[in-house]
Amino acid sequence: MLYNSTRPRGIVMRSAARPWGPWSEATVVFDPWRGRGYGHFLHAPAAGDALSDPGREQEWGGEYGPYLMPRYFTGGPAKTTVFYTMSTWNPYQVVVMRTDLRLTGADQ
């Protein structure tokens, strides 16, 4: 499962064998600062980028609404690549994201 979060900031992943849990701890799969979102596809007024929708130049972009695209997942039990859509708020767009997941301590 993916969802947007303010604490910790970003797009967060949790997993479970069953829909009712128990669920894993939260893992950030996209941080708008570390993931090069701000100034590249999320508007950051302080960065002086030209990404803003007209009339929203002082409004920050923000990551939200991640929807998994399991049809495009690849990999196996120890390493998996997941694809998901993510909305950006400003500019108001949807982008396709990719995250590579590795199981800690698993044989590569």
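What you see is a predicted model, and the numbers here were worked out from it, not measured in a lab.
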Exercise. Do Val95 and Thr88 have side-chain heavy atoms sitting under 4.5 Å apart?
Worked result: yes
Problem set entry | Transitive ILVMFWY side-chain link Tyr3 to Phe73, under 4.5 Å | no
Problem set entry | Stepwise side chain to side chain contact (heavy atoms under 4.5 Å, CB included) test for Gln93 and Phe41 | CA-CA 9 Å; Gln93 297 288 321; Phe41 59 90; over 6 Å; no
Seminar exercise, completed: Scanning both residues in full, the closest heavy-atom pair of Gly39 with Ala44 reads N-CB, 4.2 Å
Exercise. Heavy-atom count around Trp89 CH2 within 6.0 Å, excluding the residue itself: above 12?
Worked result: no
Exercise. Is any side-chain heavy atom of Leu2 less than 4.5 Å from a side-chain heavy atom of Val82?
Worked result: no
Exercise. Got a sec: does the CZ of Arg14 have more than 12 other heavy atoms crowding it under 6.0 Å?
Worked result: yes
Problem set entry | Passing option when Asn90 is tested against Asp53, Leu51, Leu42 for side-chain contact (heavy atoms from CB on, under 4.5 Å) | Asp53
Exercise. In terms of hydrophobic clusters joined by side-chain contacts under 4.5 Å, are Leu103 and Met13 together?
Worked result: no
Exercise. Does the cation-pi check pass for Arg18 over Trp23, that is, NZ or CZ under 6.0 Å from the six-membered ring centre and within 45° of its axis?
Worked result: no
Problem set entry | Side chain proximity check, Met97 to Phe83, heavy atoms < 4.5 angstrom | no
Exercise. Which atoms form the tightest heavy-atom contact between His43 and Tyr38, and what is the distance?
Worked result: O-CD2, 3.8 Å
In residues 62-72, what donor-acceptor pairs under 3.5 Å come from side-chain atoms, sequence neighbours left out?
| residue | atom | partner | partner atom | Å |
| --- | --- | --- | --- | --- |
| Glu63 | OE1 | Arg9 | NH2 | 3.1 |
| Glu63 | OE2 | Arg9 | NE | 2.6 |
| Glu63 | OE2 | Arg9 | NH2 | 3.4 |

Exercise. If we only count heavy atoms from C-beta on, is the Met86 to Val94 side-chain gap below 4.5 Å?
Worked result: no
Exercise. What closest approach, in Å, do Ala26 and Val12 show between heavy atoms, and which atom pair accounts for it?
Worked result: CB-CG1, 3.3 Å
For this session: Ignoring hydrogens and angles, tell me if any N or O in the side chain of Thr85 forms a donor-acceptor pair with the backbone of Val96 under 3.5 Å.
Result: no
For this session: Any chance you could lay out the side chain to side chain contact (heavy atoms under 4.5 Å, CB included) test for Thr99 and Tyr84, step after step, and finish with the verdict?
Result: CA-CA 8 Å; Thr99 296; Tyr84 57 98; 3.3 Å; yes
For this session: Write down the atom of Pro22, the atom of Ala16, and the distance for their closest heavy-atom approach.
Result: O-CB, 3.3 Å
For this session: Could you tell me whether Arg102 and Asp100 make a salt bridge, using a distance below 4.0 angstrom between a side-chain N and a carboxylate O?
Result: no
